[in-house]
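All heavy atoms count here, side chains included; hydrogens, waters and symmetry mates do not. Residue numbers begin at 1 in each chain, while the letters A, B, ... track the order of the sequences.
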Amino acid sequence: MHIYDSAKREEVLFVPIKTDKVKIYVCGPTVYDNAHLGHARSALVFDLLRRTFIELGYKVIFVKNFTDIDDKIIKKMDETGQTLNEITSHYINMYKNEMKSIGVKDADLEPKATQSIKEIIDFIEVLLEKKIAYQISNGIYFDTSKDNKYLTLSRMKMDDTKARVEINREKKNQKDFVLWKFSKNKEPSYDASFGTGRPGWHVECSAMIEKHMAYDGSYQIDIHAGGADLFFPHHENEASQTRCKSGQELARYWMHNGFVTINDKKMSKSLENSFFLKDALREYDGEILRFYLLSSHYRANFNFSKEDLLVSKKRLDKLYRLKKRVFEYKKSTLCKEFKKNFLKALSEDLNISKALSLLDLMISKTNEELDLNPKNKTIKFETNANLKWIESILGIGYQNPYMYFQIGVNQTEKRYIEELINKRAKAKKEKDFKKADFLRETLTCRGVNLMDTANGTQWEKVK
RNA sequence: GGCGACAUGGCCAAGUGGUAAGGCAGGAGCCUGCAAAGCUCUGAUCCCCGGUUCAAAUCCGGGUGUCGCCUCCA
């Protein structure tokens, strides 16, 4: 497996800390609002990474957190009058359900910041003892000047004159960041030896990683992943904290996914161009969204467009049409060469384009073979197994192929369609092609495509 | 201002110095009563200008353009 390491800024061979094991931590969402397509892509990309490692034979420990205490959540409390827990549990449930409908599996562990307060406090206490953290009027801060490796991850050069962050004269260095915010009046808070308050964002991840993943005597995980926007300052700060506290590097490899853009602009609150996953799911099938969002390289930006999404749907349609042709042939003996090549492509820093081109080639080659040998069971068995494997590695093609083409068609409609198909068959038998074509046209107008095959007339809802 | 990414046929998108994968759309054909589906064939010298090299989309330098991070952000 080769992956692009954002820290080294080059593609490198992946070498696990412990043979055949991979510990992956992904920065999850702050749960104060609905997930948008950007969250979906990040989740999908690292879901694919996880599946790839599993297929390569690794034992994967996959952790994704929820940030459930944060200024934005508190703001939401003020706006809605709801409790912290009402807000966060609502958005966590939404997130998990929506991710499920695009085929993202739950992480092995999904820690919440509020359930790791003790570890966060302990973490900060150690930093205070080591004089790496210090207190000012509004909280505990991390002294970045104590870490001579600070900024080596992101390679940023701090130019205070251009920094957009508000200048705080109490801080020792302007790049110092908050570890613990003292609470004002009725804000949610936790008691700590150094004062009542709540954790800062960066320290949560470091503490949760330590709590859940630092065993076997190591603070280090294999891969730390997240959106490209987290590289600085979030990941830089996480790395620094852990380095200063434990003396070890937090992660061996850093991976960052590119953004989902709308009209080439990053989806963001301020631009009001967020496309929420729940809205997308109202319009498109989750499987198609998954396939679409996975269809290009994870580090490139992904410009969302309906047209491109429909291209992905067509590509998926083709897979399902092949699945129809081999559906009843369940004996499993997949093509080793296909699997090997496909995994090889994914092992090149998740080269999905290359992998999908192999899938397309497999599909068209198999269709050709089946055109020539419609009754060849060996081909059908193998193809069925190939598609089964694609389900597990890509998470697509898992539906009943007949049902797939009937999404959004109710029973009454189905009966009507079948009735017209029967009438048309009768007309065809009587060589009344004018009537047959009229019946077909009637269905076409309703978005139903007919196809006459050796096994009778089949239909697809094309919308 | 600092740091960085990207620029490949109409669109989407791979590409490890040796003469451009794949998908969609378009065109031609096979199949079909006609279609649909499926299959076959069909198109680019890779933003511009220099340089290195026997050889560059791929390396180097300089432009131009787009986007991102440096405030919360997947």
Nearest-angstrom distance from the residue atom CZ of Arg321(A) to C1' of A37(B): 6 Å
Any strand: nucleotide that pairs with U58(B) via Watson-Crick or wobble, under 3.5 Å: none
Got a list of protein N/O to nucleotides 14-18 of chain B N/O distances below 3.5 Å?
unit_1: A14(B); atom_1: OP1; unit_2: His297(A); atom_2: N; d: 3.4
unit_1: A14(B); atom_1: O5'; unit_2: Ser353(A); atom_2: OG; d: 3.2
unit_1: A14(B); atom_1: O3'; unit_2: Asn351(A); atom_2: ND2; d: 3.3
unit_1: G15(B); atom_1: OP1; unit_2: Asn351(A); atom_2: ND2; d: 3.4

Base partner of A5(B), which must satisfy Watson-Crick or wobble distances under 3.5 Å: U66(B)
Spacing of the C1' atoms in C60(B) and G23(B) (rounded, Å): 34 Å
Heavy-atom donor-acceptor pair, Arg41(A) side-chain to A74(B) base, under 3.5 Å: no
Within-4.5 Å side-chain heavy-atom neighbours: Trp459(A) and Leu443(A): no
Distance between C1' atoms of C72(B) and U66(B) (Å, rounded): 24 Å
OP1 or OP2 of C39(B) under 4.0 Å from side-chain N/O of Asn367(A): yes
Pairing partner of A37(B) (Watson-Crick or G-U wobble, both distances under 3.5 Å): none
N/O (side chain, Lys266(A)) to phosphate O (OP1/OP2, A74(B)) under 4.0 Å: no
Check: Tyr32(A) ring centroid to Tyr91(A) ring centroid under 6.0 Å: no
Pairwise 5' ranking along RNA chain B for Lys365(A) and Asp308(A), keeping only the more 5' one: Asp308(A)
Integer angstrom distance from the P of G51(B) to that of C12(B): 32 Å
Integer angstrom distance from the C1' of A44(B) to that of C34(B): 36 Å
Aromatic centroids of His235(A) and His256(A) separated by under 6.0 Å: yes
Donor-acceptor pair (no angle test) under 3.5 Å: Asp452(A) side chain, C34(B) base: yes
Sugar-phosphate only, base, or nothing, as touched by Thr261(A) at under 4.0 Å among non-hydrogen atoms: nothing
C1' atoms of G43(B) and C48(B), separation to the nearest Å: 24 Å
Rounded distance [0.5 Å steps], CG in Asn273(A) versus OG1 in Thr261(A): 9.0 Å
Ring center gap for Phe276(A) and His36(A) short of 6.0 angstrom: no
Among A36(B), G33(B), C70(B), the one nearest Ala436(A) by side-chain distance: G33(B)
Full working for side chain to side chain contact (heavy atoms under 4.5 Å, CB included) between Glu10(A) and Val12(A): CA-CA 6 Å; Glu10(A) 60 181 359; Val12(A) 293; 3.9 Å; yes
For Thr242(A) against Ser206(A), the heavy-atom pair lying closest together: OG1-OG, 3.3 Å
Ring center gap for Tyr95(A) and Phe66(A) short of 6.0 angstrom: yes
Sugar-phosphate, base or nothing in reach of Gly258(A), heavy atoms under 4.0 Å: base
Option passing ring pair (Phe, Tyr, Trp, His ring centres under 6.0 Å) with Phe142(A) (candidates Trp180(A), Tyr150(A), Phe177(A)): Phe177(A)
Residues touching RNA chain B, which here means a heavy atom under 4.0 Å, drawn from residues 224-236 of chain A: Gly226(A), Gly227(A), Asp229(A), Leu230(A), Phe232(A)
Residue Arg440(A), side-chain atoms from C-beta onward, closest of C34(B), C67(B), C3(B): C34(B)
Nucleotides 24-28 of chain B: which of its N/O atoms have a protein N/O under 3.5 Å away?
unit_1: C24(B); atom_1: O3'; unit_2: Lys314(A); atom_2: NZ; d: 3.4
unit_1: A25(B); atom_1: OP1; unit_2: Lys314(A); atom_2: NZ; d: 3.1

Complementary nucleotide for U19(B) - Watson-Crick or wobble, under 3.5 Å: none
Watson-Crick/G-U partner (both atom distances under 3.5 Å) of U71(B): none
Euclidean distance for P, C24(B) against U53(B) (whole angstrom): 44 Å
Shortest side-chain distance from Glu368(A), nucleotide among A74(B), C34(B), C39(B): C39(B)
Euclidean distance, atom CG of residue Leu294(A) to atom P of A13(B) [Å, nearest integer]: 15 Å
Phe302(A)/Tyr292(A) aromatic ring centres below 6.0 Å: yes
Tyr253(A) ring center near Phe14(A) ring center (under 6.0 Å): yes
Touch class at under 4.0 angstrom, heavy-atom based, for Asn257(A) against every strand present: base
Sugar-phosphate only, base, or nothing, as touched by Val45(A) at under 4.0 Å among non-hydrogen atoms: nothing
Which nucleotide in C39(B), G2(B), A74(B) has an atom nearest any side-chain atom of Ser42(A): A74(B)
Nearest-neighbour nucleotide for the Ser357(A) side chain, G22(B), C39(B), A74(B) considered: G22(B)
Rounded P spacing from A7(B) to U58(B) in Å: 11 Å
Under-4.0 Å side-chain N/O to phosphate OP1/OP2 contact, Arg9(A) with G4(B): yes
Distance, rounded to the nearest Å, where Phe259(A) contributes CZ and C72(B) contributes C1': 13 Å
Nearest-Å distance once atom C1' is located in both C69(B) and G10(B): 33 Å
Candidates C3(B), A74(B), G22(B) - which lies nearest the side chain of Leu361(A): G22(B)
Asp71(A) bridged to Lys75(A) by N-O distance under 4.0 Å: no
Check: Trp389(A) ring centroid to Phe342(A) ring centroid under 6.0 Å: yes
